[in-house]
Amino acid sequence: HVQLVESGGGSVQAGGSLRLSCAASGYTYNRNCMAWFRQAPGKEREGVARIATGSGNTYYADSVKVRFTISQDNASKTVVLQMNSLKPEDTAMYYCGIYDAYGGRCSFREDFYDYWGPGTQVTVS
């Protein structure tokens, strides 16, 4: 049974930081793509940051480069999104997703992602 569980959302003032975690279970971890997406009210879901769990290669949306960092803890099968210098426009529901890339290059294409977590709310005021 595959499960993704996000944690770490909350409310913060502009300029502050939050740390989101996504714990994966029931999945072969070492050749996957894991990513954080977000969806603000009235907007489409967008990819924020992704990591190839085998190589550790990362990629960021332009809107979050320098401010956000995605990393992984292979032992716990957890991917972390460290968000610094938060802006009101970062307010959204944040979701983590995973798919088996068979060691290949990762993508933000949502139809590639097999499983999603329930989401965690981030509010920046």
Side-chain angles (χ1 to χ4, degrees):
H1 175 65
V2 177
Q3 189 174 20
L4 299 178
V5 178
E6 301 108 336
S7 60
S11 297
V12 66
Q13 290 188 337
S17 298
L18 283 172
R19 183 180 175 90
L20 306 183
S21 294
C22 176
S25 61
Y27 208 83
T28 302
Y29 183 75
N30 61 357
R31 61 184 191 184
N32 301 315
C33 294
M34 290 188 73
W36 286 96
F37 289 73
R38 66 186 182 187
Q39 187 167 22
K43 294 187 177 181
E44 293 186 355
R45 188 156 57 180
E46 62 174 349
V48 173
R50 66 184 190 234
I51 186 167
T53 59
S55 66
N57 288 338
T58 59
Y59 183 87
Y60 300 90
D62 288 342
S63 58
V64 306
K65 277 181 182 176
V66 178
R67 300 188 299 121
F68 291 10
T69 302
I70 189 170
S71 61
Q72 61 178 342
D73 180 338
N74 290 339
S76 63
K77 296 184 180 181
T78 298
V79 169
V80 172
L81 185 67
Q82 178 67 42
M83 306 186 295
N84 298 327
S85 302
L86 283 162
K87 304 175 181 180
E89 51 262 45
D90 294 318
T91 295
M93 185 71 81
Y94 282 70
Y95 301 90
C96 69
I98 188 170
Y99 73 95
D100 192 342
Y102 299 94
R105 188 173 179 178
C106 289
S107 170
F108 275 146
R109 278 187 56 173
E110 291 186 48
D111 59 335
F112 283 6
Y113 287 78
D114 297 317
Y115 298 95
W116 297 90
T120 185
Q121 178 68 38
V122 171
T123 302
V124 185
S125 59

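Everything quoted here is computed from the prediction, not taken from an experiment.
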Open item on the list: L20 vs M83, test: side-chain contact (heavy atoms from CB on, under 4.5 Å). Steps then yes/no.
Closed with: CA-CA 8 Å; L20 306 183; M83 306 186 295; 3.7 Å; yes
- [ ] Start with the C-alpha gap between E89 and V124, add the side-chain angles, then the distance that decides, and say whether side-chain contact (heavy atoms from CB on, under 4.5 Å) holds.
- [x] CA-CA 8 Å; E89 51 262 45; V124 185; over 6 Å; no
Open item on the list: Determine whether E110 and F37 satisfy the following criterion, side-chain contact (heavy atoms from CB on, under 4.5 Å), listing intermediate values before the conclusion.
Closed with: CA-CA 9 Å; E110 291 186 48; F37 289 73; 3.6 Å; yes
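Side chains of R45 and W116 form a contact here, defined as non-hydrogen atoms less than 4.5 Å apart. Two residues are said to be in side-chain contact when any heavy atoms from C-beta on lie closer than 4.5 Å; L4 and M34 meet this criterion. The closest side-chain heavy-atom distance from Q82 to S17 is below 4.5 Å. Using a 4.5 Å heavy-atom cutoff, the side chains of Q13 and L86 are not in contact. Looking only at side-chain heavy atoms (C-beta outward), C96 and E6 come within less than 4.5 Å of each other.
Once rounded to the nearest 0.5 Å, the distance linking SG of C33 with CZ of R105 reads 10.5 Å. The OG1 atom of T78 sits 6.0 Å away from atom CG of D73, with the distance rounded to the nearest 0.5 Å. The structure places CD1 of I51 at 8.5 Å from CG of N57, a figure rounded to the nearest 0.5 Å.
F108 and A49 make their closest contact through CZ-N, 3.6 Å (heavy atoms, listed as atom of the first residue, atom of the second, distance). The two residues A92 and R38 have their closest heavy-atom pair at CB-CB, 3.8 Å. Considering all non-hydrogen atoms of both residues, Y113 and A35 come closest at OH-CB, 3.3 Å. Residue I98 comes nearest to A24 through the heavy atom pair CD1-CB, 4.5 Å, listed as atom of the first residue, atom of the second, then distance. Contact record, I70 with Y60: N-OH, 2.8 Å, taken as the closest heavy-atom pair. Closest approach of A61 to G47, counting heavy atoms only: CB-O, 3.4 Å.
A salt bridge (Lys or Arg N to Asp or Glu O under 4.0 Å) check over residues 111-125, counting only residues at least two apart or in different chains, returns the pairs R109-D111.
In the hydrophobic clustering of this structure, V2 groups with V79; members are Ile, Leu, Val, Met, Phe, Trp, Tyr whose side-chain heavy atoms approach within less than 4.5 Å, directly or through other members. One hydrophobic cluster holds both Y99 and Y95 under the rule that ILVMFWY side chains link at heavy-atom gaps under 4.5 Å. In the hydrophobic clustering of this structure, Y115 groups with V48; members are Ile, Leu, Val, Met, Phe, Trp, Tyr whose side-chain heavy atoms approach within less than 4.5 Å, directly or through other members. Placement of V12 and W36 within a single hydrophobic cluster is found when ILVMFWY residues are connected by side-chain heavy-atom separations under 4.5 Å, directly or transitively.
We find that D90 and K87 are not joined by a salt bridge, their nearest charged nitrogen and carboxylate oxygen being 4.0 Å or further apart.
Judged as a side chain to side chain contact (heavy atoms under 4.5 Å, CB included), and not counting sequence neighbours, the contacts of S71 are V80.
Under the 3.5 Å distance criterion, the side-chain polar atoms of T120 are left unmatched by any main-chain donor or acceptor of S7.
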